[in-house]
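Working notes for the structure below.
Quick note on labels: first sequence line is chain A, next is B, and so on, each numbered from 1.
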Amino acid sequence: MSGRTLYDKLWQNHVIRDYGDGAALLYVDRHLLQETSTHQSFVSLRESGRSARRPEAHLAVPDHAVPTDSRGGEIADPMAAAQITALQKNAADFGLAYIDLEDQRQGIVHVIGPEQGFTLPGITLACGDSHTSTHGAFGALAFGIGATDCATVIAAQCLVQQKSKNLEVRLDGTPQKWVGAKDYALALIGQNGVGFATGHAIEYRGPAVEQMSMAARMTLCNMSIEGGARVGMIAPDDVTYAYLEGRPYAPQGELFDQAVTYWRTLASDADAAFDKSIGLDVGTLAPHVTWGTSPQDALPVLGRVPDPKDAPNEGEARRWARALDYMGLAAGEALHDIGVDKVFIGSCTNGRIEDLRIAAEVARGRRIADNTQAIVVPGSTAVKRQAEDEGLDRIFLEAGFEWRHSGCSMCVAMNNDRLAPGERCASTSNRNFEGRQGRNGRTHLMSPAMAAAAAVTGHIVDVREVMA
Amino acid sequence: MTPFTSITSKILPVLEDRIDTDVIFPARFLLLMQRGEMGRYFFADQRVAADGSELPHPANDPQYKGAQILLAGADFGCGSSREQAVWSLTGFGIRCVIAKSLGEIFAANCLRNGVLAITPPRIIINELAAIESPITVDLEAQEIRAGDKIFPFAIPPAHRERLLNGWDDIDLILANEEDRLAAFENAQRLVQPWLYGASDVR
Ligand code: SF4
């Protein structure tokens, strides 16, 4: 028998009942909740008179609809206020832990889960949010679910799931300065298409992965969903354990050592077989940006907007043409000349302290371009405080950036942080879909370093050139 | 949940590839909390212009009015996990999605809402796209009937059973799996004690 992958092990360790054909009832160890995806879950739980099976396995926090321009006092938007109040009440009624908007631990679910040590290796973790794949960076089997499944997890602590195939994504090489996890993710999707991982659980492996910080690993796993995979994982190692030790919900003392011993058994066996394998040499990679309305429309920054005539098939040609029209771009335009109106640095992809440090390094001693608005939205309140302790807020403010409170903000544009029609944004978020950052807004995805460089020049630019 | 056995209806074609859930149900409407309101916002930004005027879109086209079957291209429903996308689809009247491929979470959400999702090869999608009269999707027989043509389709047996009976997972699990659940928790507590008590969330 050949060995098992990390994913196989985590899957098998959580099967309550095997239905055959790859379907199983899977135990869910941990559940994160946010205000926008769970209200209907509680409506149905109340209707059927159900309660939480294991209240201590859940953690709720508002992030999607929260304002980022001020904190404390009334929330101006009555609909956002109602969602947040409802989450608070739902959590209280069902006995689930709730982190208040004013709490120092508040932030985007995918940032605070790891920060609080709620996310651990070896667990299954679900959340009503597709970027739950982020937590796979810890060697957790973490996946996004809809509201009905959130209700099932609350009432029964398990879900019927279909097992995915195993996809190895192997990263080799040592990246150039200013090239990082966001560029890896964009290059992988750009080269292999948004469907490359559909039906598969990704395991990112190889020397380049071992060299990555936890923040970088989270960025990479975060965007697995943009490649079509619900799950993106990295085997836990000493970097993981060092990150987790001492975090509030992580096991403490002897129990931590015992956990590490267990976690060390989770890595894929040497003879484990993957259904599919793709590779990327990060050593030759340039910073990447997107030009269109799908994450796969990603190219090296020195590239040009492609011509629909060169599309691989008729369907893609139509989609490209439509994307160019939507984006207000012409085929053949140099990506690095495209002017931007707004810059957004934040989100669960790139809103961690490491991301802000890199952006601040670019912003330091520079000024954002005229007619450009740039906002920095820390991924959590803890990230915000840490950044302020390090003086990053002052660097940003002196450069003309706005320094905000944490939340999803312009990644999903449910509050006032949004693009006006036709506005163009350099964004560190994960989706450039039509209307994602506001109706008829135009999104170019890139890394925090690239976004900061766009802010200080007023156009898409190679950060290596700015920092040369 | 309403059982799904067989429906006969016109087809609503939205054949572009990679229609994501932000397009099906734009994010700003996620602030709505009442499920019953969501059908109005199905493809909202492609159907209604910023000034309130109607845009040309199959969902606005009178010839497809009343369609219960949606026909789509590759990766329909990719992107965000928002179940609101499926609620807007059912609110609009759709009971069955036939697509080249589907976003995985979207497909799961369809199943949870009694929407039959089938993913035949592109060649069948193209054939169906050319058909203007109503077609029948028969889950019991696992076939699509269009005029004198019959296209068989496959879905996992467990999914078929759930849809045919209108079962909710939560009911099934709570009715049948309590012993297994408790046994699992007792066994896991021994292997990973830190998941119980010590690092419980309080
Ligand atoms: S930051 Fe964006 S992608 Fe991440 S959880 Fe929030 S809305 Fe979703």
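Using a 4.5 Å cut-off between heavy atoms, I225(A) contacts chain B through its side chain alone, with no backbone atom that close. With a threshold of 4.5 angstrom between heavy atoms, V15(A) approaches chain B through N, CA, C or O but not through any side-chain atom. In this structure, no portion of L15(B) lies under 4.5 Å from any heavy atom of chain A. When heavy atoms are compared at a cutoff of 4.5 Å, Q34(B) approaches chain A solely by way of its backbone atoms N, CA, C and O. Looking at I99(A), there are no atoms closer than 4.5 Å to chain B (heavy atoms on both sides), in backbone or side chain. Contact annotation for R82(B): only side-chain heavy atoms (C-beta onward) come within less than 4.5 Å of a heavy atom of chain A. Residue contact with chain B, scored on non-hydrogen atoms closer than 4.5 Å, involves the side chain of Q162(A) exclusively.
Side chain of E104(B) to backbone of A229(A): no donor-acceptor contact under 3.5 angstrom is found. One N or O on the side chain of R439(A) and one on the backbone of D45(B) form a donor-acceptor pair closer than 3.5 Å. Although no hydrogens or angles enter the test, the distance criterion places a donor-acceptor pair under 3.5 Å between the side chain of R431(A) and the main chain of G79(B). Of the possible donor and acceptor atoms, one in the side chain of Q83(A) sits under 3.5 Å from a partner among the backbone N and O of L30(B). When atom types are taken as modelled, the side chain of E83(B) and the backbone of T148(A) share a donor-acceptor pair closer than 3.5 angstrom.
Classified by interplanar angle (parallel below 30°, tilted 30° to 60°, perpendicular above 60°), the ring pair F184(B)/H14(A) is tilted.
The candidate with the highest count of non-hydrogen atom pairs below 4.5 Å against chain B, out of A86(A), P421(A), G199(A), A151(A), is G199(A). Among A23(A), A413(A), C158(A), G438(A), the residue with the largest count of heavy-atom pairs under 4.5 Å with chain B is C158(A). For the set I145(A), D21(A), N415(A), N430(A), the entry with the most heavy-atom pairs within less than 4.5 Å of chain B is I145(A).
Taken from CD1 in I173(B) to CG in L159(A), the straight-line distance is 6.5 Å, to the nearest 0.5 Å. Between F143(A) atom CZ and S81(B) atom OG the span is 12.0 Å, to the nearest 0.5 Å. If you take CG on N313(A) and CZ on R122(B), they are separated by 7.5 Å, rounding to the nearest 0.5 Å. A distance of 7.0 Å separates CG of D149(A) from CG of D169(B), quoted to the nearest 0.5 Å. With rounding to the nearest 0.5 angstrom, the CZ atom of R53(A) is 4.5 Å from the CG atom of L181(B). Within the model, atoms CD of Q157(A) and CD of E185(B) stand 7.0 Å from one another, a figure rounded to the nearest 0.5 Å.
Within 6.0 Å of CG on N416(A) lie no more than 12 heavy atoms contributed by other residues, nucleotides or ligands. Taking a 6.0 Å sphere around CG of L190(B), one finds it holds more than 12 heavy atoms contributed by other residues, nucleotides or ligands.
Between T152(A) and the options D171(B), D168(B), I170(B), a side-chain contact (heavy atoms from CB on, under 4.5 Å) holds for only I170(B).
Nearest heavy atom pair, residue R50(A) against residue L174(B), reads NE-CD1, 3.1 Å. What you find for L31(B) and A65(A) is that their closest heavy atoms are CD2-CB, 3.8 Å. Nearest heavy-atom pair, D29(A) versus Q188(B), reported as atom, atom and distance to 0.1 Å: OD1-NE2, 2.9 Å. Contact detail for R18(B) and V194(A): the closest heavy-atom pair is CD-CG2, 3.1 Å. Between P251(A) and W194(B) the shortest heavy-atom distance is CB-CB, 3.5 Å. Taking each heavy atom of G144(A) and I105(B) in turn, the nearest pair found is O-CD1, 3.6 Å.
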For residues 91-103 of chain B, which side-chain donor-acceptor pairs fall under 3.5 Å, sequence neighbours excluded?
unit_1, atom_1, unit_2, atom_2, d
R95(B), NH2, G114(B), O, 3.2
S101(B), OG, D75(B), N, 2.8
S101(B), OG, D75(B), OD1, 3.4

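We find that R17(A) and D179(B) are not joined by a salt bridge, their nearest charged nitrogen and carboxylate oxygen being 4.0 Å or further apart.
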Run L172(B) and V160(A) through side-chain contact (heavy atoms from CB on, under 4.5 Å) and show every step you take. CA-CA 10 Å; L172(B) 290 180; V160(A) 179; over 6 Å; no
Can you list the steps and then say if T293(A) with D20(B) is a side-chain contact (heavy atoms from CB on, under 4.5 Å)? CA-CA 10 Å; T293(A) 54; D20(B) 56 74; over 6 Å; no
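Within residues 31-42 of chain A, the residues approaching chain B closer than 4.5 Å by heavy atoms are, in numerical order, T36(A), H39(A), Q40(A).
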